[in-house]
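Taking it in order: structure first as structure tokens, then the write-up.
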There are 2 protein chains.
Amino acid sequence: MKRKKALTKAKIFKEAIKLADNYGIANLSMRKLAKKLNIEAMSLYNHLANKEELLDGIVDEVFSKIDWRTDTKSKSWKPELRKQAIAVRAVLLQHPWSIKLLNSRSNPGPSVLRHHNKVLGLLMSCGFSYSMCAHTYALIDSYVYGFVIQECSLPATRGCDFVEMTASINALSRQGFPYLTKMAEEYYLKPEYSFSDEFLFGLDLILNGVEQAFKH
Amino acid sequence: MKRKKALTKAKIFKEAIKLADNYGIANLSMRKLAKKLNIEAMSLYNHLANKEELLDGIVDEVFSKIDWRTDTKSKSWKPELRKQAIAVRAVLLQHPWSIKLLNSRSNPGPSVLRHHNKVLGLLMSCGFSYSMCAHTYALIDSYVYGFVIQECSLPATRGCDFVEMTASINALSRQGFPYLTKMAEEYYLKPEYSFSDEFLFGLDLILNGVEQAFKH
DNA sequence: ACCTGAACACCGTTCAAGT
DNA sequence: ACCTGAACACCGTTCAAGT
């Protein structure tokens, strides 16, 4: 019999992420996770206080994947902040369940805190006042999270076939939403349209606005 | 024995919202809801296909409370769009559980669709192109939802006493997050600071940016 | 120090049976 | 047409007992 190596939090989190990626966060239960780890559900409680700690842990694990090198002393906050926003979106999209967990957890882990510290450090060392830091960060964060949440819960419109497309357009117009109908048939449901492509428009608009506010 | 009036979806949704408001969305179960309605859990399935329909229903009910009069023919989209964003935030804050449901539901109800139709109609009748409509709406929606999500999941910092405040500052600085620590002690944790006050800064920055993009 | 089995108090949902 | 009781297949978590 080969002896199993001791279980660690790291291994538990890794397996939990795999489960959530493959079967959805709704199917991540302590019992199923334990089964995957070849132990009984109750054994997990030797390593974790409760499921909360598991969820906090895997969110933080996702955040730890953000590319982490930044010249905090940089004098150009704008391209750097842009890069950070893009990076956050990228890791969240890799694990679509993570965005929903992120803002329902009240105990941010070290990687989440490290990220906040990095962004605030960037702004502060570029001469942003406390209030401009707070304004800017609230704005960028809200936008990125809000955008990714919508993106992750969008029906996979790519695979949407012509029949159900016209069906949903017809349903809309029957219920009396003329503008929405028009917009859907003339724009949203065209195969060229991709919600994801909207991300940079909003991000750059926000960054330009912050720049103007910063310069007074 | 007084005869109970027939149960309707409207009554079920109303009771469900009351339950979620009072005890949190986590405590809204089919069984508890049925008990409040003085019926057995299984009877709910005579009125609803499943719990999904319940959640779709109560989200839509929340959206139906948005003030709904709008002069869609208005030539000034900016104050109107601003008012809509503020109204959406207001109703979502009244039912803090609703924001999390909103973007996990894939079947938007009539009130949600009506709202989308209204905003798109406003922009379209003010001469926005399809692509500017899509850009603008994605941006505003992302911001509002992202902001409200953060707002709803913030620890009730108002009641936070001095002891735990300094404790959390110390914890931060011990872990080595100097900027975050500084920002917390010099700004975020001061009693005058309120995250909610950040909302209008971002909203107006975005609206001004859209205005510039619209004018070319 | 770690794992286990049995148990508790829950879930959503189905189904056959009642009125 | 609506309601019910029993049942199924799940949850997270506790606790006393094992090694």
Side-chain angles (χ1 to χ4, degrees), chain A residues 1-61 97-98 100-101 104-107 109, chain B residues 1-61 97-98 100-101 104-107 109:
Chain A
M1 301 290 127
K2 60 177 168 185
R3 275 282 228 96
K4 288 283 294 183
K5 279 184 70 184
L7 209 51
T8 60
K9 280 190 192 187
K11 281 181 198 161
I12 295 175
F13 292 156
K14 206 178 150 194
E15 195 64 42
I17 288 174
K18 212 192 291 180
L19 259 176
D21 284 345
N22 291 338
Y23 306 103
I25 193 73
N27 280 303
L28 174 58
S29 70
M30 297 295 270
R31 295 168 113 110
K32 284 176 187 159
L33 176 56
K35 191 164 279 174
K36 280 276 179 191
L37 292 164
N38 290 313
I39 55 172
E40 299 298 315
M42 310 73 204
S43 307
L44 284 171
Y45 289 86
N46 286 306
H47 303 91
L48 305 169
N50 45 37
K51 195 177 179 182
E52 292 278 287
E53 193 183 340
L54 177 70
L55 298 180
D56 286 335
I58 62 178
V59 168
D60 206 63
E61 192 67 25
W97 43 267
S98 63
K100 267 167 209 161
L101 288 187
S104 46
R105 315 280 82 222
S106 40
N107 291 316
Chain B
M1 297 290 127
K2 61 177 164 185
R3 275 282 228 96
K4 287 284 295 183
K5 280 183 71 184
L7 211 49
T8 61
K9 281 191 191 186
K11 280 180 198 161
I12 295 176
F13 293 157
K14 206 176 149 195
E15 194 64 42
I17 288 175
K18 213 194 289 182
L19 259 175
D21 284 343
N22 291 338
Y23 306 103
I25 192 73
N27 279 304
L28 174 59
S29 70
M30 298 295 270
R31 296 168 113 108
K32 284 177 188 160
L33 175 57
K35 191 164 280 175
K36 280 276 179 190
L37 292 164
N38 290 311
I39 55 172
E40 299 300 312
M42 310 73 205
S43 307
L44 283 171
Y45 289 86
N46 286 305
H47 304 90
L48 305 170
N50 45 36
K51 194 177 181 180
E52 291 278 288
E53 194 184 339
L54 178 69
L55 298 180
D56 285 335
I58 62 177
V59 168
D60 206 63
E61 191 67 26
W97 42 266
S98 64
K100 269 169 207 160
L101 289 187
S104 46
R105 315 281 81 221
S106 39
N107 291 314

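Just so it is clear: chains get the letters A, B, ... in the order the sequence lines come, proteins before strands, and each one is counted from 1.
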Reading 5' to 3' and counting Watson-Crick or G-U wobble pairs with both distances under 3.5 Å, write the dot-bracket notation for DNA chain C, | for bases paired outside the strand. ||.|||||...|||||.||

Where do Leu28(B) and Ala20(B) come nearest, in terms of heavy atoms and distance? CD2-CB, 4.5 Å

Do Lys11(A) side-chain atoms and Ala6(A) backbone N/O form a donor-acceptor pair below 3.5 Å? yes

Below 4.5 Å, heavy atoms only, C-beta onward: do Trp97(A) and Asp21(A) meet side chain to side chain? yes

Any residue in residues 47-54 of chain B with a heavy atom nearer than 4.0 angstrom to DNA chain D? Just list them by number, or reply none. His47(B)

Between Glu61(A) and Ile17(A), is there a side-chain heavy-atom distance shorter than 4.5 Å? yes

Using every non-hydrogen atom in the two residues, find where Ser43(A) and His47(A) come nearest and quote the distance to one decimal. O-ND1, 3.5 Å

Would you indicate whether the side-chain heavy atoms of Leu44(A) and Ile39(A) approach each other to under 4.5 Å? yes

I would like to know whether Asn46(B) and Leu7(B) meet side-chain contact (heavy atoms from CB on, under 4.5 Å); could you show each step before the answer? CA-CA 10 Å; Asn46(B) 286 305; Leu7(B) 211 49; over 6 Å; no

Heavy-atom closest pair (Ser98(A) atom, Val59(A) atom, distance to 0.1 Å) is O-CG2, 4.4 Å

Leading and trailing nucleotides of DNA chain D with any atom under 4.0 Å from heavy atoms of chain B: dC2(D) to dA7(D)

dC15(D) and dC3(C), which share atom name C1', separated by this distance in whole Å: 14 Å

One should read off an interatomic distance between Leu55(B) CG and Leu48(B) CG, to the nearest 0.5 angstrom, of 10.0 Å

Shortest non-hydrogen contact between Ala16(A) and Ile58(A), atoms and distance: CB-CG2, 3.8 Å

Test side-chain contact (heavy atoms from CB on, under 4.5 Å) applied to Tyr45(B) - qualifying residues, sequence neighbours left out: Met30(B)

C1' atoms of dA16(D) and dC2(C), separation to the nearest Å: 15 Å

Which salt bridge (charged side-chain N to carboxylate O under 4.0 Å, His left out) pairs, counting each pair once, include a residue from residues 39-58 of chain A, with sequence neighbours left out? Lys9(A)-Glu53(A), Glu52(A)-Arg105(A), Asp56(A)-Arg105(A)

Residues within residues 17-36 of chain B bordering DNA chain D, heavy-atom distance below 4.0 Å: Arg31(B)

Distance from Asn27(A) atom CG to Asn22(A) atom CG, nearest 0.5 Å? 10.5 Å

